[in-house]
A.B. asks: 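Quick one: structure below, then a few questions.
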There are 2 protein chains.
Amino acid sequence: MTSPAGQAPSRGALSPDEVVAGALALVESEGLAALTMRRLASRLGVAVTAIYWHVGDKAALLDAVGDRIITRLAAVPVKGDDPATRIMSVCRAWRRRLLEQPELVAVVHAQGRTAELFQPVRRVLVRELTAAGLRGHDAAVALQAILQFVTGSVLTDVQVARAPSQHVAPEDLWTAADVDGASDLLDELRHPLSSDELFDYSVRRLVGAATGAPRR
Amino acid sequence: MTSPAGQAPSRGALSPDEVVAGALALVESEGLAALTMRRLASRLGVAVTAIYWHVGDKAALLDAVGDRIITRLAAVPVKGDDPATRIMSVCRAWRRRLLEQPELVAVVHAQGRTAELFQPVRRVLVRELTAAGLRGHDAAVALQAILQFVTGSVLTDVQVARAPSQHVAPEDLWTAADVDGASDLLDELRHPLSSDELFDYSVRRLVGAATGAPRR
DNA sequence: ACCTGAACACCGTTCAAGT
DNA sequence: ACCTGAACACCGTTCAAGT
């Protein structure tokens, strides 16, 4: 983690930290696919094998890069007065933050560490749901439902942002036969809500279900 | 698409269909990572370059494989009497079906064609939501909300199934500080609902919100 | 302790050449 | 029309060798 006590790094010496930082910079600027051992080495101005000495093989490198990404994205700003507002706000801000860096999300997701990435939001949500009066099992279930939705929304949109050219836009797949001739519905389906609007709508529903008035 | 009219394929001749079928079989048996042009060629008993002649480069091959996967998974069984039950049933069956073949889902997702893959469920859902009395904008919004959740659930669990070893189980990340000392909640968080239970619970809520009694 | 160079087994892709 | 073989530019990884 830290460098040897009191020992200044000698001129031009390579540290594990520098290697990982270089890898992260490479992913940010050119995408996950551009992160190869050889390209990273030439970027760092060393032989490929130096990377192996400092951080290990590519799996180890990706692990370390994943750690850094998860740490960097951890801060979650919360705004609003009542719990429902605060929950909406944190979900929205978190989603927007992740969508700004789709390649970083892809790194973490490819490692199967998505749940770990979302842990900061989980902490905030559990606090807000408790503040909203939910206890025990109810709180745990509501938390997971909301989180599942947010995760899904992010993963979907991240992939759309990363996919070079969307094959067929889903809104073009609808035909009149699908809607039994209800042309107003067809119109709606062909001009769907933006991801942002849909996200707002759905989280609001799940939040409402969790914190709103009793349901019967 | 079809072979030349009335012309029986000569003995041992390679067709685009055979190439794509071989690729799909390779993905099913050994995973997406095992699908390389060279391995496929040796599996088919031809030189690598024969693939290029029949279907083109790797992107074209993946395209064709994606088409096949989407077609094969298209059938959606619907059960139940009332719309809400039918919606639950189709979502659950669809999810279970996709989770049986995580590598196939991964192929389609990597191509950014997830929305296309989910189109059959979209068709069923729009029919059932209409039957439930939802019209126009309301139906379109409810459809997208439910679909977003199902998609997210599938993508999350597919990646968990594919990731060789989960890094840290998210339920181990909780500490007493996160829950303000509410130890019953901590217990719940550490033993969360299974993906199946959570899925049922959440879709039920979204379906209820869409088709249930008026909300105020 | 730290780093290099050569080597190996893999990739995807192109192209001239065969039948 | 259909297929092969050689070649090119890339991968990740190992290992002996240098300082």
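Lettering of chains follows the sequences in order, A, B, ..., and the numbering in each one begins at 1. Just the heavy atoms: all of them, side chains too, but no hydrogens, waters or symmetry mates, feed the values below. All figures in this text were calculated on a predicted structure; none of them were measured in a lab.
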A.B. asks: Name every donor-acceptor pair, under 3.5 Å, that has one atom in a side chain of residues 34-44 of chain A and the other anywhere in the protein, sequence neighbours excluded.
C.D. replies:
unit_1: A/T36; atom_1: OG1; unit_2: A/R39; atom_2: N; d: 3.0
unit_1: A/S42; atom_1: OG; unit_2: A/R39; atom_2: O; d: 3.2

A.B. asks: Hey, is the main chain of A/L14 close enough, under 3.5 Å, to the side chain of A/H54 for a donor-acceptor pair?
C.D. replies: yes

A.B. asks: Wobble G-U and Watson-Crick pairs count when both distances are under 3.5 Å; given that, what is the 5' to 3' dot-bracket string of DNA chain C, with | for pairing to other strands?
C.D. replies: ||.|||||...|||||.||

A.B. asks: Measure the distance from CH2 on A/W53 to P on C/dG5 and round it to the nearest whole Å.
C.D. replies: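 Atom-to-atom, A/W53 to C/dG5, this comes out as 18 Å.
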
A.B. asks: NA contact type, A/V48, heavy-atom cut-off 4.0 Å: base, sugar-phosphate, or nothing?
C.D. replies: base

A.B. asks: OP1 or OP2 of C/dC3 less than 4.0 angstrom from a side-chain nitrogen or oxygen of A/H54, does that happen here?
C.D. replies: yes

A.B. asks: Pairs under 3.5 angstrom only: tabulate donor-acceptor contacts from the side chains of residues 90-100 of chain B to other protein residues two or more places apart or in another chain.
C.D. replies:
unit_1: B/R92; atom_1: NE; unit_2: B/D200; atom_2: OD1; d: 3.0
unit_1: B/R92; atom_1: NE; unit_2: B/D200; atom_2: OD2; d: 3.2
unit_1: B/R95; atom_1: NE; unit_2: B/S153; atom_2: OG; d: 3.0
unit_1: B/R95; atom_1: NH1; unit_2: B/D196; atom_2: OD1; d: 2.7
unit_1: B/R95; atom_1: NH2; unit_2: B/D157; atom_2: OD2; d: 2.7
unit_1: B/R97; atom_1: NH2; unit_2: B/A75; atom_2: O; d: 2.9

A.B. asks: What is the per-nucleotide protein-contact pattern of nucleotides 14-19 of chain C, from the 5' end, where B denotes a base atom under 4.0 Å from a protein heavy atom, S denotes such proximity for sugar-phosphate atoms only, and - denotes neither?
C.D. replies: BB----

A.B. asks: For nucleotides 9-11 of chain D, which of its nitrogen or oxygen atoms have a protein nitrogen or oxygen under 3.5 Å away, and what is each distance?
C.D. replies:
unit_1: D/dC11; atom_1: OP1; unit_2: A/R39; atom_2: NE; d: 3.1

A.B. asks: Any idea which heavy atoms bring B/L61 and B/A23 closest together, and the distance?
C.D. replies: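 Looks like CD1-CB, 4.0 Å.
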
A.B. asks: In terms of relative ring orientation, are B/F149 and A/F149 parallel, tilted or perpendicular, with 30° and 60° separating the classes?
C.D. replies: parallel

A.B. asks: Can any side-chain N or O of B/R86 pair as donor or acceptor with the backbone N or O of B/G80 at less than 3.5 Å?
C.D. replies: yes

A.B. asks: Without swapping roles, check the side chain of A/E128 against the backbone of A/L125 for a donor-acceptor pair under 3.5 Å.
C.D. replies: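 Answer holds: no.
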
A.B. asks: Among residues at least two apart in sequence or on other chains, which ones pass side-chain contact (heavy atoms from CB on, under 4.5 Å) with B/Q119?
C.D. replies: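 Testing B/Q119 for side-chain contact (heavy atoms from CB on, under 4.5 Å), a comparison that skips the adjacent residues, returns A/L173, A/W174, B/R122, B/R123.
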
A.B. asks: With a 3.5 Å cut-off and no angle check, do the side chains of B/T151 and B/Q148 form a donor-acceptor pair?
C.D. replies: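 B/Q148 and B/T151 do not have a side-chain donor-acceptor pair below 3.5 Å.
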
A.B. asks: Can a salt bridge be assigned to the pair A/R113 and A/D67 using a cut-off of 4.0 Å between side-chain N and carboxylate O?
C.D. replies: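 Yes, A/R113 and A/D67 are salt-bridged.
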
A.B. asks: May I have the distance from B/L61 (atom CG) to C/dG12 (atom P), rounded to whole angstrom?
C.D. replies: 10 Å

